[in-house]
Asker: 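Structure in structure tokens, see below.
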Amino acid sequence: MKITRKNPISGERVTREIEVTQDQLDAWDSGVLIQRAMPNLSEDDREFILTGILPHQWDELFGYNGE
């Protein structure tokens with residue numbers, strides 16, 4: 001499913017293809033923790049749904065160097 005979020009860093013609308021169902025999105029929207037509603041998703045995909053922030057931006061923000 002294509003998920004579009006406004007990226008809070010760049011201000012742009014970003015769309016990603018994420019393997020999520022409408023039922024999972026509805027469960028999350030009704031209050032189920034995203035980890036329980038969408039256990040099949042990576043942390044990066046869940047974070048994008050929650051915040052609109054892309055993985056490389058988290059790395060840049062928090063200085064991740066791959067170690």
Side-chain angles (χ1 to χ4, degrees):
M1 175 181 292
K2 290 183 180 182
I3 304 291
T4 301
R5 294 287 186 259
K6 182 177 180 183
N7 185 289
I9 296 169
S10 68
E12 296 176 311
R13 295 182 62 75
V14 178
T15 300
R16 290 183 66 179
E17 184 72 34
I18 297 178
E19 294 295 322
V20 64
T21 66
Q22 188 61 53
D23 287 342
Q24 289 174 309
L25 289 170
D26 291 344
W28 171 62
D29 193 44
S30 70
V32 176
L33 292 174
I34 195 166
Q35 295 91 333
R36 290 186 184 228
M38 305 170 203
N40 58 305
L41 296 186
S42 68
E43 290 178 14
D44 289 341
D45 285 341
R46 289 194 302 259
E47 195 61 48
F48 178 76
I49 291 171
L50 286 167
T51 66
I53 297 175
L54 298 168
H56 74 276
Q57 291 172 318
W58 277 111
D59 295 345
E60 291 168 4
L61 284 171
F62 296 105
Y64 179 72
N65 63 10
E67 293 180 8

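If you read the sequence from its start, that first residue is 1, and numbering goes on from there.
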Asker: Which pairs with one or both residues in residues 30-44 pass salt bridge (Lys or Arg N to Asp or Glu O under 4.0 Å), sequence neighbours excluded?
Answerer: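 Every pair satisfying salt bridge (Lys or Arg N to Asp or Glu O under 4.0 Å) with a residue in residues 30-44: there are none.
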Asker: Identify the two heavy atoms, one from Ala37 and one from Ala27, that lie closest to each other, and give their separation to 0.1 Å.
Answerer: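 Closest approach of Ala37 to Ala27: CB-CB, 4.1 Å.
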Asker: What residue pairs, at least two apart or across chains, pass salt bridge (Lys or Arg N to Asp or Glu O under 4.0 Å) with a residue in residues 15-26?
Answerer: Arg16-Asp45
Asker: How long is the gap from CZ on Arg5 to OG1 on Thr51, to the nearest 0.5 Å?
Answerer: 9.5 Å
Asker: Hey, mind stepping through Ile9 and Glu60 against side chain to side chain contact (heavy atoms under 4.5 Å, CB included) and telling me if it holds?
Answerer: CA-CA 11 Å; Ile9 296 169; Glu60 291 168 4; over 6 Å; no
Asker: Apart from Leu54 itself, which Ile, Leu, Val, Met, Phe, Trp or Tyr residues share its cluster (side-chain heavy atoms under 4.5 Å, direct or through members)?
Answerer: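 Its cluster partners, ordered by chain and number, are Met1, Ile3, Val14, Ile18, Val20, Leu25, Trp28, Ile34, Met38, Leu41, Phe48, Ile49, Leu50.
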Asker: Rounded to the nearest 0.5 Å, what separation is found between the CG atom of Leu61 and the CD1 atom of Ile53?
Answerer: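 The CG atom of Leu61 sits 6.5 Å away from the CD1 atom of Ile53.
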Asker: Who else is in Leu33's hydrophobic cluster (ILVMFWY, side-chain heavy atoms under 4.5 Å, direct or via others)?
Answerer: none
Asker: Of all heavy-atom pairs between Arg46 and Pro39, which one has the smallest distance, and what is that distance?
Answerer: NH1-O, 4.1 Å
Asker: Go through the structure and list residues passing side chain to side chain donor-acceptor pair (under 3.5 Å) with Thr15, not counting sequence neighbours.
Answerer: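 Thr15 satisfies side chain to side chain donor-acceptor pair (under 3.5 Å) with Thr4 only.
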